[in-house]
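In what follows, a single structure is set out as structure tokens and then discussed.
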Protein chains: 2
Amino acid sequence: MKTADPELMRAINRLNVLDTVRRYGPIARVEISERTQLSTTTVSAITASLLDDGLILPRHEGDIRNEAARGRPRVMLELNPDAARVVGAKIAASRMVFVVTDFRGDVLSNLTLPIRIDRQPIGVIADLVEDGVRRCVVDAGLSLEDVDSVCLSLPGVIEHRTGHIRSSPIFRDVNVDFAAEMTARLNTSTIVESDAHAITLAHHWFGKARDLEDMVLISLEQTLGLGVLHGNQLFRGAGGLSHNLGDLVLGMGPLGIVRLSSQAGESEILGEQPAGGRFAEAIRLGRGMAHAQALIKAEDNALISAAIRAGEAVGVAVANIVTLFAPPRVILVGSSLALGEHFLASLRSAYALAIPPSLKGVAELVFDDSTDDFWAQGAAAVALYELYESPWNTTGPAL
Amino acid sequence: MKTADPELMRAINRLNVLDTVRRYGPIARVEISERTQLSTTTVSAITASLLDDGLILPRHEGDIRNEAARGRPRVMLELNPDAARVVGAKIAASRMVFVVTDFRGDVLSNLTLPIRIDRQPIGVIADLVEDGVRRCVVDAGLSLEDVDSVCLSLPGVIEHRTGHIRSSPIFRDVNVDFAAEMTARLNTSTIVESDAHAITLAHHWFGKARDLEDMVLISLEQTLGLGVLHGNQLFRGAGGLSHNLGDLVLGMGPLGIVRLSSQAGESEILGEQPAGGRFAEAIRLGRGMAHAQALIKAEDNALISAAIRAGEAVGVAVANIVTLFAPPRVILVGSSLALGEHFLASLRSAYALAIPPSLKGVAELVFDDSTDDFWAQGAAAVALYELYESPWNTTGPAL
DNA sequence: TTATTTAATTCGCATTCCGACAAAAATAAC
DNA sequence: GTTATTTTTGTCGGAATGCGAATTAAATAA
């Protein structure tokens with residue numbers, strides 16, 4: 001257990017204030033005091049220190065005051081966008097998406113590389129990632145020295161704490177210390193995180209879970225992932241392990257184990273397509289779901305039944321997750337949502353059937369089809385959060 | 001978020017020291033300092049305060065010293081057993097078990113009431129519980145005024161934080177504020193907790209998880225419960241909700257939803273027995289599993305196949321839990337373990353099939369058939385933990 | 001009897017947060 | 001235009017905390 005000393009105390013309160021400024025910024029000191037339950041004295045001291053470190057700024061321009069406002073006007077504080085830059089990335093099987101954001105998480109530049117990297121050797125992938133990061137940083141008018149941290153998000157089982165990729169559908173090798181590899185290549189602090197966790201934080205910071213401190217997110221992509229937010233924090237399993245939902249067992253059929261991935265995995269939904277055909281080509285390029293959507297509109301029966309089957313499987317899985325975590329909201333994201341109403345309807349009805357009566361109405365189902373940029377922005381948020389936590393001026397006490 | 005002030009700091013460190021004394025006591029101050037990473041100065045100050053409050057005692061008698069020990073001898077510290085008394089209880093459908101423990105969690109007296117309370121009105125159950133607590137306290141040679149806290153553990157969905165019983169197989173009513181009801185009746189601070197959580201803490205304190213800070217426990221009784229230990233703490237869901245594993249969906253059969261409880265619930269395993277028969281009578285008295293064990297030994301084919309079916313279902317469920325939490329150990333407890341080798345073997349093989357290859361070997365399966373007393377002792381531990389946490393001398397600073 | 005070794009305590013310092021008060025900066029009243 | 005009022009922000013001293021250095025305590029070894 002971590003020992004509680006004054007330093008930890010300050011770290012906690014600093015993070016608390018900083019995060020309050022992030023969430024509710026521009027915000028006056030008095031309001032920070034109200035929200036954090038810290039005394040105005042303490043808030044003043046901490047904000048002074050944060051101002052001194054250049055992490056926040058007083059807002060002068062456009063002092064919006066109420067008409068009837070009396071007394072000394074509030075000085076609004078907000079994050080200093082220029083306090084840091086980070087890179088967030090979503091690495092998927094058929095594309096990589098990079099964003100550079102400022103200290104607030106606002107996107108400065110983005111870059112999509114539509115490259116199929118499936119099962120390439122680690123060196124090739126690392127080359128491509130390195131290239132993407134560098135190009136995106138240049139696009140933002142920056143140099144890598146200006147970047148404080150990089151967070152790469154990928155599908156699979158990612159051990160954030162150690163930087164290892166235990167297993168990922170896009171890696172041929174297992175148990176790669178990708179964080180160390182990329183830190184060395186970029187000469188910039190680099191961390192890794194599950195893509196599901198990244199999009200979970202994205203929704204907590206910018207999306208459909210800003211108002212919640214507990215929720216669950218399920219990502220339906222090539223891999224099926226899970227993110228659990230618990231008390232405003234990502235719930236990382238025992239060893240920082242992420243969850244691989246696709247491995248969940250839905251039943252023991254006559255042919256053996258039926259896993260969720262075999263019903264709702266991207267490749268299983270799309271099925272075997274004749275090589276060289278237009279559909280197969282679309283899949284190879286990562287446009288499989290978009291193509292499937294078009295085919296479903298044209299009433300392709302095989303695809304429609306696959307979508308329905310997948311929806312049922314996911315609906316049951318979601319119900320099981322809700323049974324375990326009882327979150328107030330479940331957000332579903334990922335490319336499979338593009339399958340359309342057949343998929344969603346069967347998902348909803350399977351969920352309604354599978355959810356135990358006692359939990360009926362506890363969890364709200366929300367569907368979200370964000371762009372890949374949003375995922376990458378979430379990865380950036382992971383990097384930013386670690387910056388917020390890190391002690392900035394370890395060089396002696398605050399003045 | 002809780003604001004970090006010196007008071008919180010002290011509370012954290014006090015709890016840390018106290019818990020270290022509990023776990024490793026009798027223990028010298030130097031060793032506490034090593035284990036907690038607190039300075040010897042701080043440990044001295046905190047232990048002085050704990051001694052002052054009478055929560056710990058120096059051990060004089062039988063100073064076991066190493067032969068070759070030089071220097072000033074260590075003063076061993078241990079919990080003061082008389083610092084507090086608590087009552088822990090396991091309330092099940094066909095019996096109630098009470099224990100009175102001292103501050104260390106050692107059992108002073110125990111009492112089993114083999115009463116069937118299934119679905120009785122709340123008043124009747126409360127009467128019986130009140131009676132049991134009072135009798136067990138008297139058995140320990142105490143009066144209720146000597147008891148600092150009572151913790152009642154029951155099956156079902158229990159909201160520990162608010163003291164409400166959301167739903168329980170032994171309650172006719174739902175959403176009962178049982179903690180308030182019993183606090184009023186006993187005139188003693190009373191809390192409620194899921195029985196699965198109680199036995200989870202029992203294993204962490206006294207049983208097969210003393211060495212772990214993360215683990216998962218699955219209880220197989222009338223109700224199927226789950227306890228998750230995360231960082232030495234019980235993981236309580238969003239609203240302090242407990243988990244009801246029986247509601248997990250294992251598959252969509254031709255007859256609709258197949259829930260775990262329909263395969264592995266106690267009543268489903270034992271099946272419909274002819275009313276008035278010996279078996280039915282045994283079930284009514286809570287001896288169903290013992291009876292079943294005897295029948296299985298006598299090669300009752302219906303029961304054997306039920307046991308095998310249940311084992312398969314539980315094995316799959318355990319694999320799914322492991323997929324989500326990746327704990328280093330899973331402890332299985334509960335009356336259903338009495339089904340014997342057929343059940344265990346099919347559980348193990350289903351687990352081996354269902355566990356994803358990447359997680360093979362991550363979790364160790366441990367079976368435990370503790371007495372009901374152990375469950376009740378776990379409930380007592382829940383009560384004790386809250387005492388450890390609570391600020392003892394809010395009356396001014398330490399001297 | 002003296003030196004050595006280990007454990008525990010005392011003392012002073014740095015840090016934290018907080019309450020009371022004072023300064024700052026605006027509007028409202030005259 | 002000057003003064004009073006209101007609200008926000010900063011300053012100062014107090015209380016509590018943990019830590020490092022030095023000191024005391026209590027035993028064995030020489």
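First the proteins, then the strands, lettered A, B, ... as listed; each starts at 1. All values reported here derive from a predicted model rather than from experimental measurement.
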Length of the [atom1]-[atom2] vector between [X] and [N], whole Å:
X        : N       : atom1 : atom2 : value
Leu50(A) : dG10(D) : CG    : P     : 13 Å
Asn16(A) : dC17(C) : CG    : C1'   : 14 Å
Ile46(A) : dT11(D) : CD1   : C1'   : 17 Å
Met9(A)  : dA14(C) : CE    : P     : 17 Å
Gln37(B) : dT17(D) : CD    : P     : 21 Å
Glu34(A) : dT8(D)  : CD    : C1'   : 12 Å
Leu51(A) : dG10(D) : CG    : C1'   : 13 Å
Ile27(B) : dA7(C)  : CD1   : C1'   : 14 Å

* Structure fact -> Walking DNA chain D from its 5' end, the first of Thr42(B) and Val30(A) to be reached, judged by nearest nucleotide, is Val30(A)
* Structure fact -> Heavy-atom nearest nucleotide on DNA chain D taken for Pro6(A) and for Ala28(A); more 5' hit belongs to Ala28(A)
* Asked: Looking for any heavy atom pair under 4.0 Å, which part of the strands does Ala4(B) touch: base, sugar-phosphate only, or nothing?
  -> sugar-phosphate
With no hydrogens and no angle check, is any side-chain donor or acceptor of [X] less than 3.5 Å from a backbone partner on [Y]?
X         : Y         : value
Ser33(A)  : Arg29(A)  : no
Ser44(B)  : Thr41(B)  : no
His230(A) : Asp214(A) : no

Among [options], which is the nearest nucleotide to the side chain of [X]?
X        : options                   : answer
Thr40(B) : dT9(D), dT9(C), dT17(D)   : dT9(C)
Pro73(B) : dT16(C), dA27(D), dC18(C) : dA27(D)
Val75(A) : dG18(D), dA8(C), dT9(D)   : dT9(D)
Arg29(B) : dT17(D), dT9(D), dA8(C)   : dA8(C)

* Polar pair under 3.5 Å, donor/acceptor by atom type, side chain Arg72(B), base dA26(D) -> no
* To do: Look at the side chain of Thr41(B) and the base of dG20(D), then say whether one donor and one acceptor between them are separated by less than 3.5 Å.
  => yes
Is any side-chain N or O of [X] closer than 4.0 Å to OP1 or OP2 of [N]?
X        : N       : result
Asn13(B) : dT17(D) : no
Arg74(A) : dA25(C) : no
Ser39(A) : dC18(C) : yes

* Asked: Taking the six-membered ring of Tyr24(B), is NZ or CZ of Arg35(B) closer than 6.0 Å to its centre and within 45° of its axis?
  -> yes
* To do: Determine, for Lys208(A) against Asp211(A), whether the closest basic-nitrogen to carboxylate-oxygen distance falls under 4.0 angstrom.
  => no
